[in-house]
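Below you'll find the structure, written out as structure tokens, and then a few comments.
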Amino acid sequence: MPAITLPDASVRLFDGPVTGTAVAEAIGPGLARAALVMKLDGKLVDMSTVIEHDASVAFVTRRDDDALEMIRHDAAHVLAEAVQDLFPGTQVTIGPSIENGFYYDFARNDPFTPEDFSAIEAKMREIITRGAKFVRQEMSREDAIAFFQAKGEKYKAQLIEDLPRDQTISLYSQGEWVDLCRGPHLRSTADVGMAFKLMKVAGAYWRGDHRNAMLSRIYGTAWRDQKELDAYLHQLEEAERRDHRRIGKDMGLFHIQEEAVGSVFWHPKGWKLYRTVEAYLRRRLDANGYQEVRTPQLVDRSLWEKSGHWDNYRQHMFIAQVEEEDKFLALKPMNCPCHIQIFRQGMRSYRELPLRLAEMGCCHRYEPSGALHGIMRVRQFTQDDAHIFCTDEQIASETARFISLLSQVYSDMGFPTFRIKFSDRPQARIGSDADWDKAEAALREACQIAGVTFELNPGEGAFYGPKLEFVLRDAIGRDWQCGTLQVDPNLPERLDAEYVGEDGARHRPIMLHRAIFGSFERFLGILIEQYAGRFPLWLAPVQAVVATIVSDADAYAEDVAAAFRRAGLEVRTDLSNQKINAKVREHSLAHVPVLAVVGRNEAANRTVALRRLGSPAQEILPLAEAVARLKAEATPPDLRESTGATEFA
RNA sequence: GCCGGCAUAGCUCAGCGGUAGAGCAACUGAUUCGUAAUCAGUAGGUCCACAGUUCGAUUCUGUGUGCCGGCACCA
């Protein structure tokens, strides 16, 4: 006699066990039509699930987010059926829903190509139109393995074998086609709807392990209705326009060419942007108790052997040799060992701690060819690196202080929000559990002091210590780790860094590796996408263009430009023989934030007509006032603060 | 590195087994014009590289390189 509590707190009684479908029907035919799946005591289950006991039930309709995820999951099943129907002999593996869509990994000798999509999509529509009900069936482990073995589905059989012993094995059929699946599912394939599209093919390793076979993955997107699908596709097109590679080319910021794969040629405008960002960061670091250093680019292999990098990362290092000498030098892949060399010069006292050594360190790493991506992942990059040498007790306060600095910098750069991942102890690690406890607790405490929350990234820490990763998202929704903070008791040990404590004895410092941007290249790539090239005035590589309407105003335009320049603005003149409409268009497309238009009127009155990027409005100001206003507006955020509010003691 | 796709003018792209075209940009000339494209003309190419098939390859095949999308990797 189940009593069913509905979301509005009303209770309905049933004579005996009842399915979700029957409950929905009892409530009303409208709900029965709309209910795709139900939440039984908070857990999503099929509508056909039989409710035996008192429970709370909520029905999920197409409007709910849960439904969207199910639509995608079911779309993956439909895709798999379509593929197996069209390409006999293809084995299925896994096919989950993901952000914005779904994918399915297939095992097949000939990988799929985008040319296969139209046939597959047509078959999917057929399956959806047919609308076969999803039917759940549970099987014993042995039966399920035998079932899939008999079908030649080796991957599925292996999946079941690797499931925990006590796990219920469930299969879902949609008409003739059956898949191993935990469920739940919509009522039938018809509920998937037609708002889906296959997007791309990709190789993917079985179980994400590069030693395994490569499968052929098909990605799709699926939505509640056509309108949502269209909106998503439109959004993708928009995102493409924000791509830093596109904008970098259009705005003439940088390029990369075959002779220097993975290394950036910064053009004047791009380098101006770089320098603006670098100067800003340097001021922030100076104000936060960092001391900047500079260390060698080429360092003898012996140091890398001592640090342990030679053994672990040798194949990712660029090695240099000269004929006269029988030695190997490595282009530094990181700055840490060099900073320790500076720490080791002379005798250090606990009084000097925490010692914060910063370097805009140019590093080289031989990244796998497939990892390279525009300027986001390159082989030569400059880290905004720093190492804080401190005591155990200082880890938490130094970390909190760092998070505060990083938050300020991200906010100034136009990223009010970012994600933090906390990577704790991995399986393979060094150091005692007590040390790990201490380091992890310090990071947690620091997050609490800084008032930030994090997602746990279990087991993903470095082998020597836990870390925080600060993640920003690019235009296409890809996440990139930018900032980082790692607790490292290991390298100081290996490279023999020590200080004299209050007790007069020698101690090992803890080393905090930390970066805010991670690499300038990556951060600038994300920055370009964040603003889609339309930078705020203080960051814009060309801040203003003075454009003339008639050539009579040429001399005055030069005066205006000179005045802007004196105020520290990066300005160009456009005296070309073109209509003002064309000039407006040209400089708008070039994302110049301020257009100062001068014609006969302005020349006669010593005024300028300012036009801001993206707005048709114009403001006519006396030259001196325009200069003062733009100068104030172009002031970097850290120089606007009236006092050193963010400085620490 | 692995799977798939792509590589033609500065850019975006057509095209074809008989050695190439458009738009924009560039350059020249005319136009002096009030807020997102003034008009006309000119010039611009080892069709990524190498090998093979062919009477003939930018086009077909193979290899290499680079790029793009994923996967793996990211000290």
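Worth saying up front: this structure is predicted, and the values here are computed from it rather than measured.
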Check [Y] with [X], please: is the shortest side-chain N to carboxylate O separation under 4.0 Å?
X: A:Arg211; Y: A:Asp209; value: yes
X: A:Asp496; Y: A:Arg508; value: yes
X: A:Glu529; Y: A:Arg246; value: no
X: A:Arg356; Y: A:Glu398; value: yes
X: A:Glu121; Y: A:Lys197; value: no

Under the 3.5 Å rule, do the base of [N] and the side chain of [X] count as making a donor-acceptor pair?
X: A:Glu602; N: B:G34; result: yes
X: A:Tyr205; N: B:G1; result: yes
X: A:Arg365; N: B:A75; result: yes
X: A:Arg377; N: B:C74; result: yes

Taking the six-membered ring for Trp and the full ring for Phe, Tyr or His, determine whether the centres of [X] and [Y] are under 6.0 Å apart.
X: A:Phe112; Y: A:Phe87; answer: yes
X: A:Phe523; Y: A:Phe520; answer: no
X: A:Trp223; Y: A:Phe196; answer: no
X: A:Tyr366; Y: A:His316; answer: no
X: A:Tyr104; Y: A:Phe102; answer: no

For [N] versus [M], give the span between their [atom1] atoms, rounded off to a whole number of Å.
N: B:A7; M: B:A75; atom1: P; answer: 35 Å
N: B:U53; M: B:G44; atom1: P; answer: 35 Å
N: B:C33; M: B:U19; atom1: C1'; answer: 46 Å
N: B:A72; M: B:A36; atom1: P; answer: 48 Å
N: B:U46; M: B:G4; atom1: P; answer: 31 Å
N: B:G29; M: B:C67; atom1: P; answer: 41 Å
N: B:G17; M: B:A22; atom1: C1'; answer: 23 Å

Between the protein and nucleotides 37-39 of chain B, which nitrogen or oxygen pairs come in under 3.5 angstrom?
{"unit_1": "B:A37", "atom_1": "N9", "unit_2": "A:Arg585", "atom_2": "NE", "d": "3.3"}
{"unit_1": "B:A37", "atom_1": "N7", "unit_2": "A:Arg585", "atom_2": "NE", "d": "3.2"}
{"unit_1": "B:A37", "atom_1": "N7", "unit_2": "A:Arg585", "atom_2": "NH1", "d": "3.2"}
{"unit_1": "B:A37", "atom_1": "N7", "unit_2": "A:Arg585", "atom_2": "NH2", "d": "3.2"}
{"unit_1": "B:A37", "atom_1": "N6", "unit_2": "A:Arg585", "atom_2": "NH2", "d": "2.5"}
{"unit_1": "B:A37", "atom_1": "N1", "unit_2": "A:Arg585", "atom_2": "NH2", "d": "3.1"}

[atom1] of [X] versus [atom2] of [N]: gap in Å, rounded?
X: A:Arg211; N: B:C2; atom1: CZ; atom2: C1'; answer: 14 Å
X: A:Lys200; N: B:C3; atom1: NZ; atom2: C1'; answer: 14 Å
X: A:Leu303; N: B:A75; atom1: CG; atom2: C1'; answer: 14 Å
X: A:Met199; N: B:G70; atom1: CE; atom2: P; answer: 11 Å
X: A:Asp209; N: B:C2; atom1: CG; atom2: C1'; answer: 12 Å
X: A:Trp480; N: B:C73; atom1: CH2; atom2: P; answer: 15 Å
X: A:Arg217; N: B:C3; atom1: CZ; atom2: P; answer: 16 Å
X: A:Phe112; N: B:G69; atom1: CZ; atom2: P; answer: 23 Å

Quiz item: Using a 3.5 Å cut-off on both pairing distances, which stems of three or more Watson-Crick or G-U pairs include RNA chain B?
Solution: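 Correct response: B:1-7 with B:65-71, B:10-13 with B:21-24, B:26-30 with B:38-42, B:48-52 with B:60-64.
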For [X], report the nucleic acid contact type (base, sugar-phosphate, nothing); a contact means any heavy atom under 4.0 Å.
X: A:Met214; value: base
X: A:Gln481; value: nothing
X: A:Ala202; value: base
X: A:Leu215; value: nothing

Could you work out which one of [options] sits closest to the side chain of [X]?
X: A:Ser551; options: B:A75, B:A36, B:U32; result: B:U32
X: A:Pro111; options: B:C2, B:U35, B:C3; result: B:C3
X: A:Pro368; options: B:A72, B:G70, B:G34; result: B:A72
X: A:Ile549; options: B:C74, B:G34, B:A75; result: B:G34

Can you pull every protein N or O that's under 3.5 Å from an N or O on nucleotides 8-14 of chain B?
{"unit_1": "B:U12", "atom_1": "OP1", "unit_2": "A:Arg246", "atom_2": "NH1", "d": "3.4"}

Quiz item: With a cut-off of under 6.0 Å to the ring centre and 45° to the axis, is A:Arg301 in cation-pi contact with A:Trp304?
Solution: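 The answer is no, since A:Arg301 fails at least one limit relative to A:Trp304.
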Exercise. Flag this pair as yes if the NZ/CZ of A:Arg429 is under 6.0 angstrom from the six-membered ring centre of A:Phe463 and inside a 45 degree cone about the axis; otherwise no.
Key: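 No - A:Arg429 does not lie over the ring of A:Phe463 by the 6.0 Å and 45° rule.
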Exercise. Pull out every residue in residues 232-240 of chain A that has a heavy atom closer than 4.0 Å to any atom of RNA chain B, ordered by number, or say none.
Key: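 Contacts with RNA chain B under 4.0 Å: none.
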Quiz item: Within a radius of less than 6.0 Å around CG of A:Asp162, do more than 12 heavy atoms belonging to other residues, nucleotides or ligands occur?
Solution: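 More than 12 heavy atoms, drawn from other residues, nucleotides or ligands, come within 6.0 Å of this atom.
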Exercise. Might you confirm whether atom CD of A:Gln315 has over 12 heavy atoms from other residues, nucleotides or ligands at distances under 6.0 Å?
Key: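 Counting neighbours around CD of A:Gln315, more than 12 heavy atoms of other residues, nucleotides or ligands fall under 6.0 Å, so yes.
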Which atoms of nucleotides 59-67 of chain B (N or O only) lie under 3.5 Å from a protein N or O atom, and what are those distances?
{"unit_1": "B:U65", "atom_1": "O2'", "unit_2": "A:Glu258", "atom_2": "OE2", "d": "2.4"}

Exercise. Starting at CG of A:Asp105, measure out to CD1 of A:Ile218 and round the result to the nearest 0.5 Å.
Key: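 It comes to 9.5 Å.
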Quiz prompt | With A:His339 via ring pair (Phe, Tyr, Trp, His ring centres under 6.0 Å) - residues at least two apart | solution =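 Per chain and number, A:His339 pairs via ring pair (Phe, Tyr, Trp, His ring centres under 6.0 Å) with A:His387.
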Quiz prompt | Test item: side-chain donor near acceptor, A:Thr607 and A:Asn605, under 3.5 Å | solution =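 Note: A:Thr607 and A:Asn605 side chains miss the donor-acceptor criterion.
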Practice problem: Identify the residue among A:Arg494, A:Lys306, A:Met511 that makes a side chain to side chain contact (heavy atoms under 4.5 Å, CB included) with A:Ile340. | Solution: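 Exactly one candidate clears the test, A:Met511.
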